[in-house]
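Computation of the quantities below employed the complete heavy-atom set of this structure, encompassing side-chain atoms and omitting hydrogens, waters and symmetry-equivalent molecules.
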Amino acid sequence: KKLLTADLSKRYGNLKDGPNDILKHKWFASLDFNKLEKLEMPAPYKPAMKDDMDVSNFEDIPDSNELPPSVPASQDPFVDW
């Protein structure tokens with residue numbers, strides 16, 4: 001509930017205890033974060049794959065030929081990058 005709060009001053013992760021508010025939340029109580037960090041926990045779902053390059057589990061979205069709208073130099077936020 002507090003992870004998705006629009007008000008940053010009330011959102012978990014941004015409060016006094018920082019990320020510990022999230023790590024100690026009851027929803028995550030069953031997770032062993034030390035094992036998770038060491039990659040010792042099995043994934044809860046592992047999709048079938050033919051090989052390491054298999055992308056059949058992803059939706060095929062064709063490339064768009066549309067160009068994004070042009071931005072005048074006076075409004076370009078990346079002009080100084």
Side-chain angles (χ1 to χ4, degrees):
K1 192 172 183 178
K2 294 202 176 201
L3 285 175
L4 301 176
T5 302
D7 183 350
L8 294 177
S9 68
K10 296 178 183 172
R11 186 183 301 168
Y12 276 0
N14 290 340
L15 303 177
K16 184 178 98 178
D17 288 335
N20 288 326
D21 289 328
I22 299 167
L23 299 175
K24 293 180 180 178
H25 190 277
K26 65 182 177 181
W27 197 84
F28 295 108
S30 65
L31 285 179
D32 182 341
F33 284 101
N34 290 325
K35 282 187 176 182
L36 184 64
E37 186 176 16
K38 294 175 187 174
L39 305 176
E40 296 174 350
M41 293 182 69
Y45 172 72
K46 203 168 184 183
M49 292 178 55
K50 298 172 193 137
D51 56 42
D52 287 344
M53 301 300 287
D54 182 14
V55 294
S56 63
N57 291 300
F58 294 93
E59 184 180 356
D60 185 25
I61 301 174
D63 289 336
S64 173
N65 291 330
E66 292 181 31
L67 295 174
S70 62
V71 177
S74 62
Q75 296 179 344
D76 187 353
F78 301 106
V79 74
D80 293 333
W81 267 28

Sequence neighbours excluded, the answer for side-chain contact (heavy atoms from CB on, under 4.5 Å) partners of P72 is S74, Q75
Interatomic spacing from CD1 in I22 to CZ in R11 - rounded to 0.5 Å: 9.5 Å
What residue pairs, at least two apart or across chains, pass ring pair (Phe, Tyr, Trp, His ring centres under 6.0 Å) with a residue in residues 32-73? none
Partner set under side-chain contact (heavy atoms from CB on, under 4.5 Å) for K10, not counting sequence neighbours: T5, D7
Roughly how far, to the nearest 0.5 Å, is CG of D32 from CD of E40? 8.0 Å
Can you run down the side-chain hydrogen bond (donor to acceptor under 3.5 Å, both in side chains) pairs that involve residues 46-73, sequence neighbours left out, and say none if there aren't any? D54-S56
Which distance, rounded to the nearest 0.5 Å, do you find between the NZ of K16 and the CG of D21? 9.0 Å
Residue set satisfying ring pair (Phe, Tyr, Trp, His ring centres under 6.0 Å) with F78, at least two apart, ordered chain then number -> W81
Quick one: hydrophobic cluster around M49, which other residues, with the 4.5 Å side-chain cut-off, linked directly or via members? none
For the hydrophobic clusters of this structure (ILVMFWY residues joined by side-chain heavy atoms under 4.5 Å, transitively), does one cluster hold both V71 and V79? no
Do you reckon F28 sits in the same ILVMFWY cluster as L39, going by side-chain contacts under 4.5 Å, direct or chained? no
